[in-house]
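The structure under discussion appears below in the form of structure tokens.
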Amino acid sequence: MQKDKIQEELELAHQTSQALEAQLKASNDEVSQLSQKIQQLQEQLEEERHSRQQQLDAQRGEFHQAYNALAAELEKRKQEYNRMEANYYAHVRTIRATDDDLSTVQKGIGQLLGQLSNMCMSIRSKADRKAGTSYILEHWPDMETIIKEQMFKEGEDTLDVGFIGAFTERYLVEAVLGRMFATPIHPGVRINESFERVAEWFEKRNPQWATRLRQQASALVVKNPLDDEQAIEAAKQVIVDDIMQNLKRIYPAIDVNIEKKLLAIVERASRLNLAIKGQEIPIVMQSPKEGEATFDESIMKAASKGKSEGIVTMVISPGFVAIDPSDTEHGFMVPAKVLCL
């Protein structure tokens, strides 16, 4: 019995072993199949990666060629633009009276105004208060009430040297810049009046041609004045003589050194006038309305004698504005110098 039982257990173990071997074989077959599938997938992935890489390389080559072509075209356009720009400026120089542009004109206006202000300071101590007050009241009769009510010190009937200096600076600005810049072409040029009428005629019909006419006329004054040259020099001397005559009524003790400085200022204003009239866009003087305008630091600067607030009592020097209608960033503004009390 015991022997039969052992035999049965051995047979059962053998059968179990065979079953396990069969399962193991099946598992091995499955693993082998999976390994084959993985290998196939890896090969497919490698093929796809390689194919994709080839495509990317081809695209990269195409993009590189396109980039090189665009870069070459851009460089070509830059060279063409540089040539056009050089030709443009060469053309502009042929019709401008000077080589100035808006930036140098703006700087020149500021320097000229500074020179006029400094001259007033240099002769301040030479002022005859009584004679100066008399001249100012005579020269600006419309300001008599303001002068007497707001500028006279209590118990006095004359202006102090500070106010006299402010009026002197205003007079110099009017006499130098006003007479110089308001001339159709240039002081002393015989065709000023005729040119003004012709320029108005052009302006109504073709503003661009009017601009070219202004530029070319001022260029001729500089490059080929001919028989107008002496008249131009004489006109500048007339401005100096007139100013000296009036200044001596306020500053009786001024001497020839002041006249020399004044002549240098007038010469500078003369060059600046031709530079202004040679620009593409007009440069105009703009003055705040006295007695009405409120101080605005964006377009005004305060005179040292007054305040930087309130109503504008007097404009000492106007503002200068250059505006390009086609480009708001192309231009400049020199603030007006004002007296607020």
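- Summarising the geometry of Ala231 relative to Gly188, their closest heavy-atom pair is CB-O, 3.3 Å, with the distance given to 0.1 Å.
- Side-chain contact between Val312 and Met300 is present, with heavy atoms from C-beta onward closer than 4.5 Å.
- To the nearest 0.5 Å, atom CZ of residue Arg179 and atom CD1 of residue Ile239 are 5.0 Å apart.
- In this structure, Phe332 and Val105 have side chains that are in contact, with non-hydrogen atoms separated by less than 4.5 Å.
- Side-chain polar atoms of Ser270 and His186 form a donor-acceptor pair below 3.5 angstrom.
- Heavy atoms from other residues, nucleotides or ligands lying under 6.0 Å from CD of Glu43 number more than 12.
- Both Val334 and Leu102 belong to a common hydrophobic cluster when Ile, Leu, Val, Met, Phe, Trp and Tyr are linked at side-chain heavy-atom distances under 4.5 angstrom.
- Within 6.0 Å of atom CD in Gln59, more than 12 heavy atoms from other residues, nucleotides or ligands are found, so the atom counts as buried in its surroundings.
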Handout entry: Trace of the side-chain contact (heavy atoms from CB on, under 4.5 Å) decision for Glu144 with Glu138
Key = CA-CA 9 Å; Glu144 180 175 356; Glu138 175 187 325; over 6 Å; no
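- Under the 30°/60° scheme for interplanar angles, the aromatic rings of Tyr171 and His139 are found to stand perpendicular.
- Using a 4.5 Å heavy-atom threshold, the side chains of Ile136 and Phe163 count as separate.
- Side chains of Phe320 and Leu177 form a contact here, defined as non-hydrogen atoms less than 4.5 Å apart.
- For the residue pair Gln237 / Asp241, a side-chain donor-acceptor distance below 3.5 Å is found, with atom types taken as modelled.
- Side-chain contact annotation: Gln42 with Glu46, donor-acceptor N/O pair under 3.5 Å absent.
- For Lys153 and Glu156, the salt-bridge test fails: no basic side-chain N is under 4.0 Å from an acidic carboxylate O.
- To the nearest 0.5 Å, atoms CG (Leu272) and CD (Glu267) are separated by 13.0 Å.
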Handout entry: Derivation and outcome, side-chain contact (heavy atoms from CB on, under 4.5 Å), residues Met119 and Ile258
Key = CA-CA 8 Å; Met119 172 174 278; Ile258 296 301; 4.3 Å; yes
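- Remark: the Asn192 side chain and the Glu196 side chain contain no N/O donor-acceptor pair separated by less than 3.5 Å.
- Taken from NZ in Lys148 to OG1 in Thr133, the straight-line distance is 10.5 Å, to the nearest 0.5 Å.
- Counting heavy atoms of neighbouring residues, nucleotides and ligands inside a 6.0 Å radius, atom CE of Met121 does not exceed 12 of them.
- Nearest heavy-atom pair across Ala127 and Val161 is CB-CG1, 4.2 Å.
- Identified under the salt bridge (Lys or Arg N to Asp or Glu O under 4.0 Å) test for residues 301-326, with sequence neighbours left out: Asp160-Lys305.
- Contact between Ile164 and Leu159 at its shortest, heavy atoms only, is CD1-O, 3.6 Å.
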Practice task
Evaluate the criterion side-chain contact (heavy atoms from CB on, under 4.5 Å) for residue pair Asn246 and Ile250; output intermediate values, then yes/no.
Solution key: CA-CA 7 Å; Asn246 284 288; Ile250 307 172; over 6 Å; no
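- For the pair Arg52 and Glu47, the salt-bridge criterion is not met [side-chain N within less than 4.0 Å of a carboxylate O].
- Side chain to side chain, Gln279 and Gln215 fail the donor-acceptor criterion of an N or O pair below 3.5 Å.
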Problem - Criterion side-chain contact (heavy atoms from CB on, under 4.5 Å) on Ile191 and Ile185, from CA distance to verdict - result: CA-CA 8 Å; Ile191 64 166; Ile185 302 178; 3.9 Å; yes
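- Using a 4.5 Å cut-off on side-chain heavy atoms (C-beta onward), Gln106 and Gln111 make no contact.
- Salt bridge status for Lys204 with Glu200: absent, with no side-chain N to carboxylate O gap under 4.0 Å.
- Across all their heavy atoms, Ala269 and Val176 have their closest contact at CB-CG1, 3.6 Å.
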Handout entry: Criterion salt bridge (Lys or Arg N to Asp or Glu O under 4.0 Å) on Lys337 and Glu169, from CA distance to verdict
Key = CA-CA 10 Å; Lys337 186 175 184 179; Glu169 186 175 345; 3.0 Å; yes
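- In this structure the side chain of Asp228 never reaches within 4.5 angstrom of the side chain of Val221, judged on heavy atoms.
- Note: the hydrophobic cluster containing Val315 does not contain Leu116 (ILVMFWY, side chain heavy atoms under 4.5 Å, direct or indirect links).
- When all heavy atoms of Lys130 and Thr158 are compared, the pair lying nearest together is CA-CG2, 3.9 Å.
- Atom CD of Gln150 has more than 12 heavy atoms from other residues, nucleotides or ligands within 6.0 Å.
- Residues Lys277 and Asn273 bring a donor and an acceptor atom of their side chains to less than 3.5 Å of each other.
- Under the 4.5 Å side-chain heavy-atom criterion for grouping Ile, Leu, Val, Met, Phe, Trp and Tyr, Tyr135 is connected to Leu137 within one hydrophobic cluster.
- Remark: the backbone N or O of Thr104 is paired with a side-chain donor or acceptor of Asp101 at under 3.5 angstrom.
- Environment of CD in Glu73: crowded, with over 12 heavy atoms of neighbouring residues, nucleotides or ligands closer than 6.0 Å.
- Taking the charged nitrogens against the carboxylate oxygens, Glu203 and Arg214 have no contact shorter than 4.0 Å, which rules out a salt bridge.
- In this structure, Leu172 CG and Leu262 CG are separated by 7.0 Å, a value rounded to the nearest 0.5 Å.
- Ring geometry, Phe167 versus Trp140: the interplanar angle falls from 30° to 60°, so the pair is classed tilted.
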Practice task
Let me see the working for Arg271 and Asp100 under salt bridge (Lys or Arg N to Asp or Glu O under 4.0 Å), right down to the final yes or no.
Solution key: CA-CA 10 Å; Arg271 293 192 296 271; Asp100 292 276; over 6 Å; no
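- The structure places SG of Cys120 at 13.0 Å from CZ of Arg170, a figure rounded to the nearest 0.5 Å.
- Proximity of Ile232 to Pro187: side-chain heavy atoms (C-beta onward) are nowhere separated by under 4.5 Å.
- Salt bridge Arg190/Asp227: present, at least one basic N to carboxylate O contact under 4.0 Å.
- Under the 4.5 Å side-chain heavy-atom criterion for ILVMFWY residues, a single connected hydrophobic cluster contains both Ile265 and Met285.
- Between Leu339 and Met151 the shortest side-chain heavy-atom distance falls below 4.5 Å.
- Interatomic distance, CG of Asp157 versus CZ of Phe152, reported as 6.0 Å (0.5 Å rounding).
- Connection of Val266 to Phe181 is established within a shared hydrophobic cluster, with ILVMFWY side chains joined at heavy-atom distances below 4.5 Å, either directly or through further cluster members.
- For Arg205, the CZ atom is densely surrounded, since the number of other residues' heavy atoms within 6.0 Å is greater than 12.
- Between Gly310 and Cys340, the closest heavy-atom pair is O-SG, 4.1 Å.
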